[in-house]
2 protein chains.
Amino acid sequence: MDEISTAGEAARDELIVSFGRLLGVAGRLGHILGRAIEQEFGISHLMYEVLLILGRAGEPGLSMGAIAREQVLTTGGVTRLIDRMEAAGLVARAEDPGDRRGRLVRLTPRGDDVAVRASRLHLANIERYFLEPLPVAHRQRFLDDLRILSHAARDALPPLH
Amino acid sequence: MDEISTAGEAARDELIVSFGRLLGVAGRLGHILGRAIEQEFGISHLMYEVLLILGRAGEPGLSMGAIAREQVLTTGGVTRLIDRMEAAGLVARAEDPGDRRGRLVRLTPRGDDVAVRASRLHLANIERYFLEPLPVAHRQRFLDDLRILSHAARDALPPLH
DNA sequence: GGGAAATATCTGATGCGTCAGATTCTGTTG
DNA sequence: CAACAGAATCTGACGCATCAGATATTTCCC
């Protein structure tokens, strides 16, 4: 910080610094983790997100719209991402027996395997980059706080399209 | 599911859930804050990042390469983003007197104004979405922990290009 | 039952970031 | 001081997400 500054500038700097702290963490976290996954498994960050979403959903799979509603992509984007994931053998589209407009997307065995192994890598990276620098006594509470925030943020988020 | 795979399945779910918690927070944070800025000020998330970077740098401005080194964009991306920001009147490019290859980028008064007002909006949103759900007694320590993590993550990050 | 409104998915146009290579300048070195 | 390695920036090709609109199907209600 700059010790020679007017009160107004100091207040402004405080705003910017406080902000940068938070957004910087989020952005850097995403970059580090996304990059590692890409290099190791050849899949994009968004593909990984969708693998996790499908893994959590289990049988009988999810509709395209349900994936979009998880707020990582628009519906148009889901169509194209699933196209590529299908071509890569990670997921399969099937008719929805109850609605001829819809398709059900589910993990292939290969997709499930990648999801599990990528999760392990991510978790290791999270521990390494994010938990390790923290004092041991802080770690559990920090994780708990993150979970609280995660739920609150999800509820507050406007739809993506 | 048969009993042999049960333990493995549980471990796998645990991994996925733990991960989703952390990445979900980061991703959702970025989305919420980025979207609000875009709607209010008509600038992208990355433009906002660059406004902050330039605001922190002060006079005499930063080179294109220095902006890229802040790890939000590649050098090619910086060129194009600064093109647009210049067209929008947020920044100005000037010759670098000491190196005729380089340009120095600095905020225009308008860019400075947007940076300050956008920061205020962001800070308000951070408090609303991120701090408010937390117990009061946790807030300060949570912010402190975030700052620790931010620095650690920055040091560990590989270059962007 | 029949048609309007809603819903699910897909697609054309567009915007923007990345990558790799081109261009222009600097600094070193023989 | 010429030449060449290295650095700063810019640009063409490309990938991928978004937006808006098109198509197919279902639901609602008269």
Side-chain angles (χ1 to χ4, degrees), chain A residues 27 30-31 34-35 37-39 42-50 53 57 60-88 90-106 157-161, chain B residues 27 30-31 34-35 37-39 42-50 53 57 60-88 90-106 157-161:
Chain A
H31 269 126
R35 220 94 74 68
I37 283 282
E38 273 183 53
Q39 286 172 13
I43 63 175
S44 72
H45 174 224
L46 284 177
M47 282 190 190
Y48 176 65
E49 293 259 13
V50 170
I53 289 166
L62 285 179
S63 71
M64 308 289 276
I67 296 170
R69 253 171 263 122
E70 296 281 331
Q71 301 174 333
V72 305
L73 276 170
T74 61
T75 61
V78 168
T79 295
R80 288 171 167 141
L81 186 66
I82 295 295
D83 285 347
R84 268 173 283 134
M85 292 177 75
E86 201 169 17
L90 298 169
V91 303
R93 263 189 265 230
E95 315 285 318
D96 179 342
D99 185 338
R100 258 182 300 179
R101 291 168 303 181
R103 330 286 309 267
L104 285 176
V105 183
R106 73 189 71 185
L157 200 62
L160 196 56
H161 243 238
Chain B
H31 270 126
R35 220 97 70 69
I37 284 282
E38 275 183 51
Q39 286 172 13
I43 64 175
S44 72
H45 174 223
L46 284 178
M47 282 190 190
Y48 176 65
E49 293 259 12
V50 170
I53 289 166
L62 285 180
S63 70
M64 307 291 275
I67 296 170
R69 254 170 261 122
E70 296 281 331
Q71 302 174 332
V72 304
L73 276 171
T74 61
T75 60
V78 169
T79 295
R80 287 173 168 142
L81 185 65
I82 295 296
D83 284 348
R84 267 173 283 132
M85 292 177 74
E86 201 168 18
L90 298 169
V91 303
R93 263 189 264 231
E95 315 284 317
D96 179 343
D99 184 339
R100 257 184 300 180
R101 292 168 302 182
R103 331 285 310 267
L104 285 177
V105 183
R106 74 190 69 186
L157 200 63
L160 197 56
H161 244 243

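Just so we're on the same page: letters track the sequence lines, and every chain starts at 1.
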Expressed as a whole number of angstroms, how long is the span from [X]:[atom1] to [N]:[atom2]?
{"X": "A/Glu38", "N": "D/dC16", "atom1": "CD", "atom2": "C1'", "result": "12 Å"}
{"X": "B/Arg103", "N": "C/dT23", "atom1": "CZ", "atom2": "P", "result": "18 Å"}
{"X": "B/Leu81", "N": "C/dG15", "atom1": "CG", "atom2": "P", "result": "15 Å"}
{"X": "A/Arg80", "N": "C/dT14", "atom1": "CZ", "atom2": "P", "result": "13 Å"}
{"X": "A/Glu49", "N": "D/dA17", "atom1": "CD", "atom2": "C1'", "result": "14 Å"}
{"X": "B/Ile82", "N": "D/dA8", "atom1": "CD1", "atom2": "P", "result": "16 Å"}
{"X": "A/Ile67", "N": "D/dT18", "atom1": "CD1", "atom2": "P", "result": "14 Å"}
{"X": "B/Asp83", "N": "D/dT9", "atom1": "CG", "atom2": "C1'", "result": "11 Å"}

Base, sugar-phosphate, or nothing for [X], non-hydrogen atoms under 4.0 angstrom?
{"X": "B/Asp99", "result": "sugar-phosphate"}
{"X": "A/Gly65", "result": "sugar-phosphate"}
{"X": "B/Ser63", "result": "sugar-phosphate"}

* Mind checking the CG-CG spacing from B/Asp96 to B/Leu62? Nearest 0.5 Å is all I need. =>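 Those atoms lie 11.0 Å apart.
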* **From CG (A/Leu46) to CD1 (A/Ile37), nearest 0.5 Å** =>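 Rounded to the nearest 0.5 Å, the CG-CD1 separation comes to 12.5 Å.
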* Which comes earlier along DNA chain C counting from the 5' end, the contact point of A/Met64 or that of B/Ser44, where each point is its nearest nucleotide? ->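 The answer here is A/Met64.
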* To do: On DNA chain C, check which nucleotide each of A/Gly77 and A/Gly102 is closest to and give me the residue with the more 5' one.
  =>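 Between the two, 5'-proximity favours A/Gly102.
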* **Distance test, side-chain N/O of A/Thr74 to OP1/OP2 of D/dT18, below 4.0 Å** =>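 Looking at the OP1 and OP2 atoms of D/dT18, one of them is under 4.0 Å from a side-chain N or O of A/Thr74.
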Can a donor-acceptor pair under 3.5 Å be found between the side-chain atoms of [X] and the base atoms of [N]?
{"X": "B/Arg84", "N": "C/dG17", "answer": "no"}
{"X": "A/Arg100", "N": "C/dT9", "answer": "no"}
{"X": "A/Arg93", "N": "C/dT9", "answer": "no"}
{"X": "B/Arg101", "N": "C/dG27", "answer": "no"}

* Asked: Checking side-chain contact (heavy atoms from CB on, under 4.5 Å) against A/Met47, which of A/Ile82, A/Val91, A/Leu90 comes through?
  ->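 Considering A/Ile82, A/Val91, A/Leu90, a side-chain contact (heavy atoms from CB on, under 4.5 Å) with A/Met47 is found only for A/Leu90.
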* What pair of heavy atoms forms the shortest contact from B/Ser63 to B/Leu104, and how long is it? ->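 So the two residues come closest at N-CD2, 4.0 Å.
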* Keeping the roles fixed (side chain from A/Glu86, backbone from A/Arg93), state whether a donor-acceptor pair exists under 3.5 Å. =>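 Checking the backbone N and O of A/Arg93 against the side chain of A/Glu86, a donor-acceptor pair under 3.5 Å is found.
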